[in-house]
2 protein chains.
Amino acid sequence: MTPNGTSMEISQTVEDYLKAIFEESNPPTLASTTAIAERMGVTLASVTSMLKKLAAKTPALVDYRKHHGAKLTPEGTLLALKIIRRHRLLELFLHDVLAFEWDEVHEEADRLEHVISDAFVQRIAIALDDPDWDPHGHPIPSVDLEMPQENTIQLYDLKSGENGVVRWVSDRDPSLLRHLTELGIALGTRLEVRSFSSLDENHTVRLLETGEEVVLGAGITRQIGIQKLD
Amino acid sequence: MTPNGTSMEISQTVEDYLKAIFEESNPPTLASTTAIAERMGVTLASVTSMLKKLAAKTPALVDYRKHHGAKLTPEGTLLALKIIRRHRLLELFLHDVLAFEWDEVHEEADRLEHVISDAFVQRIAIALDDPDWDPHGHPIPSVDLEMPQENTIQLYDLKSGENGVVRWVSDRDPSLLRHLTELGIALGTRLEVRSFSSLDENHTVRLLETGEEVVLGAGITRQIGIQKLD
DNA sequence: TATATAATTTAGAAGGAACTAAATTATATA
DNA sequence: TATATAATTTAGTTCCTTCTAAATTATATA
Ligand SMILES: [Mn+2]
Ligand SMILES: [Mn+2]
Ligand SMILES: [Mn+2]
Ligand SMILES: [Mn+2]
């Protein structure tokens, strides 16, 4: 009997697949084989064979539609949330307690998340006072795996003249995070969109704290989450 | 180019073998296949094939003598020390920072030691102020992999009438550690051997702090390291 | 030295997770 | 609807690590 209440062993690899499928399946859609393969850095063939394995387990961890993709079953979702909780708690712990920069924590957490015990998770959760958000502003599932809700849009979708606060930033690319730090953009930064050019998809944005203006391409504005103001 | 200056990947499994060989080879002796197999909880056949692999690498990590056992080469020794440093720093970190009990840390560290980055090691070393001893009194190799020296004997070898201080305790068996805690034996505890019975190998020991007398079998006295007093 | 016992090695197989190359199915476009 | 292209699956291997069972070598004892 494993900690998740089912009786099966979950390998590190399976944990990573579940997380990838969770992150690729925006509720209505199925996660495509290609998207999973890209995210995991493995071959399409590897993904196919893993999806078949995950679907064949009892209970099934994914619902797999041949040639169309897969989505998590309720059991798979719980396991994914459990790993995401570990990942995000670890990130915050590394950041707040061990003084890692926000561009360093993701990679480290990606390895640690598979080996820490439940006791370890519990202890860092206590040390951090049961937090809701990780260093990139992503919600941390609670002990009973409920996700804190937030209401955000991509900076990309903020219209000219609108104001907002930075609520989350993608953590997949450390160099993006370092770049934002240099620009003076962090969680909580307030800003106003001055203009958008549909030609090159550049936003010109004014940072309200400093008054500075910066020009940001879609490669950046799609990686930033905004809560609208006003 | 890996951090150890050689160009090869070391799997978690190999790391565990190196550690086991290190711990089983008291300098003059070779580590026997049997001892390694027992320590690792694998089959003799598995050990043999791994020893052959480790000896075949360039540079060789072990010096393997068919039918007699193996010992680490200088390269293997450095790798082993590096892992042992991680292990012991982790144990101390778990104990001092995350409030793990001394009987809980070994198992957790045994998993974490293989996945933390050099940056993580460095940061916990700083947080702990570059410590010399782990929670069980074992020496922590320094950054340049030098072992702090200590001069201890097994409590088993302390003679009737002699005094000593507890300097280390084996951490392999959590129940032993909990038992010692209950008896009031910890690192730093001073004691005097009152008597030894060669019939059952029991020591009768007086704890100097409390004056209490306890009877300890060889299964315990061999797992405790003593620095002689006087 | 012969023999029994213990320790070790070899041979063959298996499971998990990945890969490449070939085959198939779906989708987009003419 | 036919065809081209993209996405996915299948088949067959490989690598790593472990295992069991059989064979071999070392050591202890008579
Ligand atoms: Mn992350
Ligand atoms: Mn991961
Ligand atoms: Mn230990
Ligand atoms: Mn280990």
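The chains referred to below are lettered A, B, ... by the order of the sequence lines, with proteins before strands, and numbering in each begins at 1.
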message = Please report the distance, rounded to the nearest Å, between NE2 in His114(A) and P in dA17(C).
response = 12 Å
query = Which whole-number value in Å describes the distance from Leu18(B) CG to dT17(D) P?
reply = 11 Å
ask   = Can you tell me if the side-chain N/O atoms of Thr13(A) get under 4.0 Å from OP1 or OP2 in dG16(C)?
value = no
Arg178(B) CZ to Asp173(B) CG distance, which is reported to the nearest 0.5 Å = 8.0 Å
query = Distance only, no hydrogens: is a donor on one side chain within 3.5 Å (strictly under) of an acceptor on the other, for His114(B) and Asp16(B)?
reply = yes
query = Are any of the side-chain nitrogens in Glu75(A) or Lys57(A) under 4.0 Å away from the carboxylate oxygens of its partner?
reply = no
message = For the CD1 atom of Ile153(A) and the CG atom of Leu158(A), what is their distance to the nearest 0.5 Å?
response = 5.0 Å
Out of dT10(D), dA17(C), dT9(C), whichever nucleotide has its closest atom nearest the side chain of Tyr64(B) = dT9(C)
ask   = Checking all strands, does Lys53(B) fall into the base, sugar-phosphate, or nothing category for heavy-atom contacts under 4.0 angstrom?
value = base
request  = Run the salt-bridge test on Arg86(A) and Asp118(A) with the 4.0 Å N-O cut-off and return the result as yes or no.
outcome  = yes
task = Please check the phosphate of dT10(C) (OP1 and OP2 only) for any side-chain N or O of Lys66(B) closer than 4.0 Å.
result = yes
key: Duplex segments of DNA chain C, taken as runs of at least three Watson-Crick or G-U pairs that stay under 3.5 Å   = C:1-30 with D:1-30
inquiry  = On the nucleotide dC16(D), are OP1 or OP2 found under 4.0 Å from the side-chain N or O atoms that Tyr17(B) carries?
reply    = no
message = Taking Glu150(B) first and then Arg167(B), would you say they form a salt bridge - that is, a charged N and a carboxylate O separated by under 4.0 Å?
response = no
With a cut-off of 3.5 Å and sequence neighbours excluded, list every side-chain donor-acceptor pair involving residues 41-54 of chain B.
from, atom 1, to, atom 2, distance (Å)
Thr48(B), OG1, Leu44(B), O, 3.2
Ser49(B), OG, Ser46(B), O, 3.2

inquiry  = Rounded to the nearest 0.5 Å, what separates atom NE2 in His68(A) from atom CG in Asp63(A)?
reply    = 12.5 Å
inquiry  = Using only atom types and a distance under 3.5 Å, with no angle test, would you say the side chain of Thr73(A) pairs donor to acceptor with the backbone of Ala60(A)?
reply    = yes
request  = Measure the distance from NE2 on His67(B) to C1' on dA6(C) and round it to the nearest whole Å.
outcome  = 13 Å
note = Here the distance between atom P of dC15(D) and atom NZ of Lys57(B), to the nearest Å, is 13 Å
request  = Using atom CG of Asp16(A) as one end and atom C1' of dA18(C) as the other, report the distance to the nearest whole Å.
outcome  = 14 Å
inquiry  = Measure CE/Met50(A) against C1'/dA18(C) and give the value in whole Å, please.
reply    = 10 Å
key: Distance below 4.0 Å between Ser32(B) side-chain N/O and dA7(C) OP1 or OP2   = no
message = In whole Å, I'd like the distance from the CZ atom of Arg65(A) to the C1' atom of dT9(D).
response = 17 Å
ask   = Expressed in angstrom and rounded to an integer, what is the separation of Met40(A) atom CE from dG16(C) atom C1'?
value = 13 Å
Filtered N/O pairs between nucleotides 19-21 of chain C and protein, under 3.5 Å:
from, atom 1, to, atom 2, distance (Å)
dC19(C), OP2, Thr43(A), N, 2.8
dC19(C), OP2, Thr43(A), OG1, 3.4
dC19(C), OP2, Ser46(A), OG, 2.7

